[in-house]
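A short worksheet on the structure shown next.
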Amino acid sequence: MSDWKKLMTDAEEDNPQIAARKVKLAALRQAGINPYPNGFRPAWSLARIFHDHDPVTDAAALEQVHVSAAGRVMLLRSFGKLTFATLQDASGRLQIAVQRDTVGAEFYNEVFRKVEVGDHLGVEGHLFRTRTNELTLRATRVRLLTKSVRPLPEKFHGLEDRETRYRRRYVDLIVNPEVRELFRLRSRIIRHIRGFLEDRGYLEVETPMMHPIPGGATARPFVTHHNALGVDLYLRVAPELYLKRLIVGGFERVFEINRNFRNEGLSVRHNPEFTMLEFYQAYADYHDLMDLTEELLAGVVREVTGGGARVIHQGREIDFTPPWPRLTLAEALVRHAGADAQRMTERAYLEELLRRLGGEPRAGADAGALLLEAFELGAEARLIQPTFIMDYPVSVSPLSRRSDSRPEVAERFELFIGGWEVANAFSELNDPADQAARFRGQVAAKAAGDDEAMHFDADYIRALEYGMPPTAGEGIGIDRLVMLLTDAAAIRDVLLFPQMRPEGGE
RNA sequence: GGGCCGUUAGCUCAGUCGGUAGAGCAACAGACUUUUAAUCUGUGGGUCGUUGGUUCGACUCCAACACGGCUCACCA
């Protein structure tokens with residue numbers, strides 16, 4: 001144990017509330033009560049007890065219902081010889097009543113009176129209604145299932161401190177029901193996406209998280225080391241190149257929902273590890289994927305809203321009813337940033353446009369890079385309703401297929417919703433010679449100081465040389481999608497355990 | 001990384017002009033057999049994020065640092 005950890009432990013033991021709970025724990029053990037037994041098996045969830053019996057108005061009928069349940073004590077109201085407690089389990093809450101004369105004076109006084117908010121109980125008994133008509137479980141037997149030695153946050157305000165909520169998500173989940181709901185919804189969203197793709201013949205696969213050569217995205221990777229192999233490995237920045245190897249291998253439709261890792265700053269929309277959906281389909285192009293994306297996301301929104309097409313995100317209504325506008329980069333700049341449609345191919349005009357939008361042309365930036373940067377500054381944030389932006393410059397799309405009619409343009413789109421990039425997709429480059437040339441360009445950029453540029457992946461070129469069928473592929477950032485659908489303002493709100501600086505370090 | 005804001009009891013928060021800290025809930029002792037954030041009586045609980053500085057005196061003013069929030073930059 002490190003010194004600071006020991007200090008923290010000592011400090012916790014100084015907390016009189018924890019000390020008082022440990023005294024009770026010790027007293028229970030002294031009385032022969034195991035404070036952490038495993039063996040109680042609740043037959044009912046609290047929500048099921050409520051939903052099955054709350055409509056019942058006949059007191060005699062309720063009294064006939066025998067149930068057992070388990071849960072955490074969230075509220076405790078003691079009247080001496082009678083105690084009401086509110087139990088919470090995964091399904092919900094239910095009030096129980098424990099009477100001294102029912103459970104026995106010795107148990108009531110020596111054991112049950114030591115139960116506190118936070119403890120887990122197993123209860124058996126019958127149902128009744130209180131004078132205020134609340135359906136309540138009258139316990140005939142009570143068993144302590146887990147003693148809690150750490151006090152929960154105050155019952156009314158709960159836990160509001162954002163730092164503590166992120167660092168102790170378990171407490172956040174105990175006391176904040178809307179947080180539990182959000183993460184259940186996140187799970188449903190992912191389940192829906194998985195089902196959608198499986199229904200269309202996509203095979204779910206898992207590809208390496210540790211890459212000898214990081215690839216598939218322009219991003220700084222994390223580096224780690226494998227001792228036995230004696231090599232450095234990179235946590236993946238994208239699964240793309242492995243998924244396309246599987247297309248070469250003959251799986252014509254594959255997808256992966258998993259983590260990517262990028263060694264970049266944290267922000268309200270960035271976590272170093274984040275969840276990405278990538279899917280690839282042979283014999284399709286990026287237009288096919290636009291259709292598929294509309295269908296997929298409109299279906300997810302129906303799942304989330306119970307059949308609707310609209311969600312509210314941060315006070316703005318977003319309508320997912322297809323079809324969604326499909327604009328080229330240049331068209332988006334004309335429409336949203338007042339650019340001159342006649343001059344979008346003039347380099348001098350693009351520099352002027354970029355400056356007008358508050359940017360500064362970078363040394364060595366070609367016309368394509370200028371166009372993209374102008375778009376990001378002038379148009380991206382205004383794309384609130386779902387909008388496909390198409391036809392990116394090849395120079396900023398090193399893995400995309402070229403347009404047959406316009407070789408400087410990539411067959412690529414990004415989907416913007418709420419001002420954020422939510423998806424990135426393209427017809428895949430399957431010409432090994434062109435791909436090798438693009439890699440060489442990336443390597444040159446890296447040598448010139450671009451530490452996000454890609455490496456040359458010789459095995460990927462070798463795979464393409466065997467022949468990858470014409471393919472389209474897409475990545476969708478799951479965290480951002482969940483943010484949009486749950487009205488979350490920060491990525492940390494949709495991650496169970498967001499990355500935080502270590503606490504209490506020296 | 002820059003800017004702004006925050007950090008006081010287990011939790012949620014007050015704290016005046018610089019004079020060594022308060023409330024509610026929680027805890028502890030007690031009363032109470034139908035409460036709903038139960039109520040009532042009483043009691044205890046603080047390295048005011050950390051370290052320095054200014055001052056007779058610092059929760060308060062100043063600086064540095066730590067952690068967090070918002071925001072800008074980078075990115076998805």
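Just the heavy atoms: all of them, side chains too, but no hydrogens, waters or symmetry mates, feed the values below. What you are looking at is a predicted structure, and each value in this text was computed from that prediction instead of being measured. We name chains A, B, ... by the order of the sequence lines, and we start the count at 1 in each one.
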Fill in: Selection residues 92-103 of chain A - residue pairs positive for salt bridge (Lys or Arg N to Asp or Glu O under 4.0 Å), sequence neighbours left out
none
Worksheet item: Among all residues two or more places apart in sequence or in another chain, which pass the ring pair (Phe, Tyr, Trp, His ring centres under 6.0 Å) test with A:His313?
Response: A:Trp420
Worksheet entry | Pairing pattern in dot-bracket form [Watson-Crick, G-U; both distances under 3.5 Å; | = partner strand] for RNA chain B | (((((((..((((.....[..)))).(((((.......))))).....(((((..]....))))))))))))....
Item to complete: Please name all residues satisfying salt bridge (Lys or Arg N to Asp or Glu O under 4.0 Å) with A:Arg141, sequence neighbours left out, ordered by chain then number.
Response: A:Glu124
Going by atom type alone, with no hydrogens or angles, which donor-acceptor pairs under 3.5 Å involve a side-chain atom of residues 477-484 of chain A and a protein atom two or more places apart or on another chain?
unit_1, atom_1, unit_2, atom_2, d
A:Asp479, OD1, A:Arg186, NH1, 2.9
A:Asp479, OD1, A:Arg186, NH2, 3.0
A:Asp479, OD2, A:Thr275, N, 2.7
A:Arg480, NH1, A:Glu421, O, 3.4
A:Arg480, NH2, A:His270, NE2, 3.3

Show me the side-chain donor-acceptor pairs of residues 51-59 of chain A shorter than 3.5 Å, one per line, residues at least two apart or across chains.
unit_1, atom_1, unit_2, atom_2, d
A:His51, ND1, A:Ala47, O, 3.0
A:Asp52, OD2, A:Arg48, NE, 3.3
A:Asp58, OD1, A:Ala60, N, 3.1

Worksheet item: Does OP1 or OP2 of B:U33 have a side-chain N or O of A:Arg131 closer than 4.0 Å?
Response: no
Fill in: Spacing of A:Asn109 atom CG relative to B:A31 atom P, expressed in whole Å
11 Å
I'd like a table of atom pairs between the protein and nucleotides 37-41 of chain B - only N or O on both sides, under 3.5 Å - with the distance next to each one.
unit_1, atom_1, unit_2, atom_2, d
B:A37, O3', A:Lys155, NZ, 3.3
B:A38, OP1, A:Lys155, NZ, 2.5
B:A38, OP2, A:Arg77, NH1, 2.9
B:A38, N6, A:Ser78, O, 2.8

Worksheet item: Which residues, if any, of residues 373-392 of chain A bring a heavy atom under 4.0 Å of RNA chain B?
Response: none
Item to complete: Considering just the side-chain nitrogens and oxygens of A:Arg21, establish if one lies under 4.0 Å of OP1 or OP2 belonging to B:G10.
Response: no
Worksheet item: Taking only residues two or more places apart in sequence or in another chain, which ones pass salt bridge (Lys or Arg N to Asp or Glu O under 4.0 Å) with A:Arg220?
Response: A:Asp451
Worksheet item: Looking for any heavy atom pair under 4.0 Å, which part of the strands does A:Asp479 touch: base, sugar-phosphate only, or nothing?
Response: nothing
Worksheet item: Can you check whether A:Arg501 has a side-chain N or O nearer than 4.0 Å to OP1 or OP2 of B:C67?
Response: yes
Item to complete: Sugar-phosphate atoms are those with a prime plus P, OP1 and OP2; base atoms are the rest. Using that split, label each nucleotide of nucleotides 3-9 of chain B B, S or - for protein heavy atoms under 4.0 Å, 5' to 3'.
Response: -------
Worksheet entry | Any residue meeting salt bridge (Lys or Arg N to Asp or Glu O under 4.0 Å) with A:Arg262, in chain and number order, not counting sequence neighbours | none
Practice prompt. Identify, with sequence neighbours excluded, every residue that meets salt bridge (Lys or Arg N to Asp or Glu O under 4.0 Å) alongside A:Glu204.
Written response: A:Arg194
